[in-house]
Participant: 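Sharing a structure with you now.
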Amino acid sequence: MGQRLPDDKKPHFEVLQISSRSGSKNGPFTEAFVNEISCRMIVDTGANVTIIHQEFAQPLDGKILWTPPCVTLQTVIGDKILIAGKMNIKIRFGNVSYDHTIYVAEITDNFILGLDFLKKYNFIPDFKDNYLHSASEDATLFQSAGSEITPIVGQIKDPVPPQTDPWSDKDVREAQMKDPDIKPIIEFMESSNTRPIWQDISSFSPGTKRYWAIRNSLQI
């Protein structure tokens, strides 16, 4: 009979999450450079990690690091996505480069920019004015509409002293209420204790419907 492993020896299972396997049809995106290769990045505030497509990662000058099988990636509706490993890269919008560790996986889009990067470098999404704001530069946000996309040029700001973490509860709340996908869900949850039925959200965007599916796990 096998022996039971002590708690400190058991593998730690970690679930990484993104809104969907593909966000290019509906989600906001920005254009930047990954290891000096031009890349369109889906900005997914529902993703807790940043992810690159495995084929897009191959020409980059970087080594894919092994990831243990106890780490899994899934969408909000529970679809599992294969993870190939991790990679250390540089992301550049304008003249500023950011070192970051990302996951390599079989997603549909080339690149998903997640909350881990936004929080690490204090980028605040502004969906009203279509910018990613930070202390050092602003990056333009685009919406997919089938029109020609102009390559982004980051707007460099004058250096400023280090600031406190902008991702306080208040700032997270403000960012969520500016997000047209998650705002309706928050309003439903705060206006009534009754679970909203499908008819209540059927007319909203695909992003809102995805958040509705995981409303019990949202932090507001």
Side-chain angles (χ1 to χ4, degrees), residues 16-67 71 73-76 79 81-127 129-157 175 179 181 206-207 210:
L16 311 176
Q17 183 171 286
I18 60 175
S19 292
S20 67
R21 189 181 292 268
S22 173
S24 58
K25 293 183 179 179
N26 304 295
F29 66 91
T30 188
E31 294 193 358
F33 295 89
V34 178
N35 289 4
E36 297 307 314
I37 295 179
S38 179
C39 177
R40 177 179 296 188
M41 301 178 176
I42 302 300
V43 180
D44 186 357
T45 58
N48 57 11
V49 291
T50 295
I51 310 161
I52 192 171
H53 190 284
Q54 188 169 357
E55 289 186 5
F56 187 79
Q58 289 177 356
L60 300 180
D61 185 20
K63 180 180 179 181
I64 298 180
L65 307 175
W66 177 78
T67 301
V71 178
L73 175 65
Q74 69 179 33
T75 67
V76 295
D79 292 338
I81 300 174
L82 178 65
I83 295 177
K86 289 183 178 182
M87 177 179 283
N88 297 317
I89 63 166
K90 288 184 180 293
I91 297 174
R92 180 173 65 83
F93 298 104
N95 295 329
V96 182
S97 293
Y98 307 88
D99 293 309
H100 198 57
T101 300
I102 61 174
Y103 283 88
V104 182
E106 289 294 334
I107 56 176
T108 303
D109 300 294
N110 282 340
F111 202 98
I112 295 177
L113 195 66
L115 269 178
D116 60 328
F117 177 86
L118 301 180
K119 289 177 131 182
K120 179 179 179 181
Y121 291 106
N122 295 339
F123 274 93
I124 303 295
D126 183 345
F127 297 106
D129 294 328
N130 296 321
Y131 279 105
L132 278 177
H133 296 294
S134 76
S136 58
E137 63 180 333
D138 290 340
T140 304
L141 288 175
F142 301 95
Q143 290 285 344
S144 297
S147 59
E148 183 179 354
I149 302 299
T150 303
I152 185 172
V153 177
Q155 300 179 5
I156 307 303
K157 299 180 179 180
D179 188 323
D181 290 331
R210 290 194 294 267

Participant: Could you tell me if the side chain of Pro125 sits less than 4.5 Å from the side chain of Leu118, heavy atoms only?
Facilitator: yes
Participant: Within the structure provided, determine whether Leu60 and Ile52 are in side-chain contact (heavy-atom separation under 4.5 Å).
Facilitator: yes
Participant: Nearest 0.5 Å, please: how far is OG1 in Thr30 from CG in Asp138?
Facilitator: 10.5 Å
Participant: As an exercise, state the distance from OG1 of Thr140 to CD of Glu31, rounded to the nearest 0.5 Å.
Facilitator: 10.0 Å
Participant: Who are the salt bridge (Lys or Arg N to Asp or Glu O under 4.0 Å) partners of Asp129, not counting sequence neighbours?
Facilitator: none
Participant: Under the side-chain hydrogen bond (donor to acceptor under 3.5 Å, both in side chains) test, which residues partner Asn130, sequence neighbours left out?
Facilitator: none
Participant: So, taking the atom named CD1 in Ile107 and the one named CD1 in Ile112, what distance separates them when rounded to the nearest 0.5 Å?
Facilitator: 4.0 Å
Participant: Measure from the side-chain N and O atoms of Ser97 to the backbone N and O of Arg92, and report whether any donor-acceptor pair falls under 3.5 Å.
Facilitator: no
Participant: Looking at every non-hydrogen atom in both residues, tell me the closest pair between Ile64 and Gly85 and how far apart they are.
Facilitator: CG2-CA, 3.9 Å
Participant: Do His133 and Tyr131 make the cut of ring centroids closer than 6.0 angstrom?
Facilitator: yes
Participant: Is the distance between the ring centroids of Phe93 and Phe123 less than 6.0 Å?
Facilitator: yes
Participant: Which heavy atom of Pro59 sits nearest to which heavy atom of Ile37, and what is that distance?
Facilitator: O-CD1, 4.2 Å
Participant: Hey, do the aromatic rings of Phe56 and Phe111 have their centres closer than 6.0 Å?
Facilitator: no
Participant: How long is the span from the CD atom in Glu106 to the CD1 atom in Ile83, to the nearest 0.5 Å?
Facilitator: 11.5 Å
Participant: Out of curiosity, Asn88 CG to Lys63 NZ, how far, rounded to the nearest 0.5 Å?
Facilitator: 11.0 Å
Participant: With a 3.5 Å distance limit and no angle check, can you tell me whether Glu137 reaches the backbone of Gly94 through a side-chain donor-acceptor pair?
Facilitator: yes
Participant: Does Tyr103 reach the side chain of Lys86, with side-chain heavy atoms less than 4.5 Å apart?
Facilitator: yes
Participant: Hey, does Asp116 have a side-chain heavy atom less than 4.5 Å from the side chain of Thr101?
Facilitator: no
Participant: Would you check if Ile102 and Val34 make a side-chain contact, meaning some heavy-atom pair closer than 4.5 Å?
Facilitator: no
Participant: So, the side chain of Thr50 versus the backbone of Gly114: is there a donor-acceptor pair under 3.5 Å, distance only?
Facilitator: yes
Participant: For Val104 and Met87, work out which heavy atoms get closest and say how close.
Facilitator: CG2-CB, 4.1 Å
Participant: Between Lys120 (side chain only) and Asp99 (backbone N and O only), is there a donor and an acceptor less than 3.5 Å apart?
Facilitator: yes
Participant: Atom CG in Asp44, atom CZ in Phe29: separation rounded to 0.5 Å?
Facilitator: 14.5 Å
